[in-house]
Amino acid sequence: MDAPDTRALHEAVLAWYDVHARDLPWRGTSATPWSVMVSELMLQQTPVARVLPVHAAWLERWPTPASLAADTTGEAVRMWGRLGYPRRALRLHAAATAIVERHDGEVPAAYDDLIALPGVGDYTAAAIASFAFGRRHVVLDTNVRRVLARVVSGTEFPAQAVTRAERDVATALLPDDPATAATWAVATMELGALVCTARQPACDACPVAGLCVWRGTGYPAYDGPPRRGQAWAGTDRQCRGRIMALAREADSVGAAQVEATWPDAEQRERCLAALVTDGLLTQITPGRWALPG
DNA sequence: CAGGCGTGGCG
DNA sequence: TCGCCAAGCCT
């Protein structure tokens, strides 16, 4: 089966998005670049439903990069709540500081300026430039990668890391007009999020089912290397999470409270020290810790 | 560059 | 139930 016709693909996906796009607060003309940037950091590895309330509260409290930069990292971590990966809160705070220092408090529009900010990698830089400023960039997130793997390449899942071939496919498919390219980017992401999902793709509802190589070749099973899972029980990540949950809920925590969170003393102390090193906690007195003030 | 880094919902 | 998954980044 041949790769789908680019024009037919564009028309089908864009028409579908026009009807089915979710009305998310960081989309649309009223969303500021800062709102888009905050959403992108929060959405890294985190479902939309969990981001929505935190994003709203965050922008209410810190409507500009300067307002966040003027507050403490500890307050940023506290507001981050249970979104997970709390170092993202530190990076967002650091990015806000850099934006004030280097860009006069305005979120930059250029990819090169964006990717130089803490917590902003290739995907996030392309996403902000595209969604907030209408620029033309290849936006390769897990959704887009899965959609292109199936529709164009005929495989159920993409490789572990982005390959050159994969980027070439995405580049070739990117519409020439910047505004259309930006819509294409968000539309392919949305298609992956709502229809072409990882576990149970809703091909009946898919606008490009008739063009899809994976479907057209009978849904060949994934035959690549085993996909990386995430260990959890007993790991440092779980231990760190327990300690951070305590710290978010109180002004400060004592050694006895920390002890009660985790039985293995050596691991507990190691994680506590690492959290301090990471800047997520500070030792305020001997045997007492708090979010950094 | 493979592995570490949170959290919770869902099939 | 429990493994898989959710708009990655950093080292």
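Letters go in sequence order (proteins before strands), and every chain restarts at 1. Below, each value reflects all heavy atoms present in this structure, side chains not excepted, and no hydrogens, waters or symmetry copies.
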Respond yes when some side-chain nitrogen or oxygen of A:R240 is under 4.0 Å from OP1 or OP2 of B:dG6, and no when none is. yes
Would you tell me if any nitrogen or oxygen in the side chain of A:R27 comes within less than 4.0 Å of OP1 or OP2 on C:dA7? no
Under-4.0 Å side-chain N/O to phosphate OP1/OP2 contact, A:R145 with C:dA7: no
Comparing A:Q160 and A:R88 on DNA chain B - which has the more 5′ nearest nucleotide: A:Q160
Checking all strands, does A:L83 fall into the base, sugar-phosphate, or nothing category for heavy-atom contacts under 4.0 angstrom? base
What is the distance, to the nearest angstrom, from the CZ atom on A:R237 to the C1' atom on B:dG8? 13 Å
Going by the side-chain contact (heavy atoms from CB on, under 4.5 Å) test, name the single residue among A:C196, A:C206, A:C212 that passes it with A:V151. A:C212
Most 5' of A:T46 and A:A125 on DNA chain C, judged by nearest nucleotide: A:T46
Here the distance between atom P of C:dA6 and atom CZ of A:R199, to the nearest Å, is 8 Å
Quickly work out the A:I128 CD1 to C:dC9 P distance and round it to whole Å. 9 Å
What is the nucleic acid contact for A:R50, judged by heavy atoms within less than 4.0 Å: base, sugar-phosphate only, or nothing? base
Is the side chain of A:R88 donor-acceptor paired with the backbone N or O of A:L83 at a distance under 3.5 Å, no angle test? yes
Go ahead and name the base partner of B:dG6; Watson-Crick or wobble counts if both distances stay under 3.5 Å, otherwise write none. none
Geometric class of the A:W16/A:H20 ring pair [parallel <30°, tilted 30-60°, perpendicular >60°]: parallel
Looking across every strand, which nucleic acid part, if any, lies under 4.0 Å from A:W26 by heavy atom: base, sugar-phosphate, or nothing? base
By the 4.0 Å heavy-atom rule, please label A:V51 as base, sugar-phosphate, or nothing. nothing
What nucleotide among C:dA7, B:dG9, B:dC5 has an atom nearest to a side-chain atom of A:D141? C:dA7
Under 4.0 Å between any heavy atoms, over every strand shown, what does A:I115 touch: base, sugar-phosphate, or nothing? Just pick one. nothing
Taking any heavy-atom pair under 4.0 Å as a contact, classify A:S39: base, sugar-phosphate, or nothing. nothing
May I have the distance from A:W232 (atom CH2) to C:dC5 (atom P), rounded to whole angstrom? 18 Å
I want to check one thing: is the phosphate of C:dA7, taken as OP1 and OP2, less than 4.0 Å away from some side-chain N or O of A:Q44? no
Determine the Euclidean distance between corresponding P atoms of B:dG3 and C:dA7; express it in Å to zero decimal places. 23 Å
Which is true for A:Q230 with a 4.0 Å heavy-atom rule: it touches a base, it touches only sugar-phosphate, or it touches nothing? base
Any base atoms under 4.0 Å from A:R22, or only sugar-phosphate, or nothing? Heavy atoms, all strands. base
Does A:D236 reach a base, just sugar-phosphate, or nothing at all? Heavy atoms under 4.0 Å. sugar-phosphate
Would you mind checking if A:R164 and A:D168 are paired as a salt bridge, meaning a charged N to carboxylate O distance below 4.0 Å? yes
Atom OH of A:Y222 and atom C1' of C:dC4: how far apart are they, to the nearest Å? 14 Å
Taking C:dC5, C:dG8, B:dG11 as options, the one with an atom nearest any side-chain atom of A:F157 is C:dC5
C1' atom, C:dC5 versus B:dC5: distance in rounded Å? 16 Å
Within the structure shown, what part of the strands sits under 4.0 Å from A:G121 by heavy-atom distance: base, sugar-phosphate, or nothing? sugar-phosphate
Rounded distance in Å - CD (A:E249) to P (B:dT7): 11 Å
Could you check whether A:A127 gets within reach of a base, just the sugar-phosphate, or nothing at all, counting any heavy atom under 4.0 Å? nothing
Minimum-distance nucleotide (side-chain atoms of A:R248 versus C:dC5, B:dT7, C:dG8): B:dT7
What integer distance in Å separates A:L90:CG from B:dG6:P? 10 Å
The side chain of A:R82 is closest to which nucleotide in this list: C:dC4, B:dT7, C:dA7? B:dT7
Would you check if A:R288 and A:Q283 make a side-chain contact, meaning some heavy-atom pair closer than 4.5 Å? no
Taking the side chain as C-beta and beyond, is there a heavy-atom pair between A:D5 and A:L211 under 4.5 Å? no
Rounded to the nearest Å, what distance is computed from the CD atom of residue A:Q200 to the C1' atom of nucleotide C:dC5? 13 Å
Return the minimal non-hydrogen interatomic distance between A:R145 and A:Q160, and the atom names on each side. NH1-O, 3.6 Å
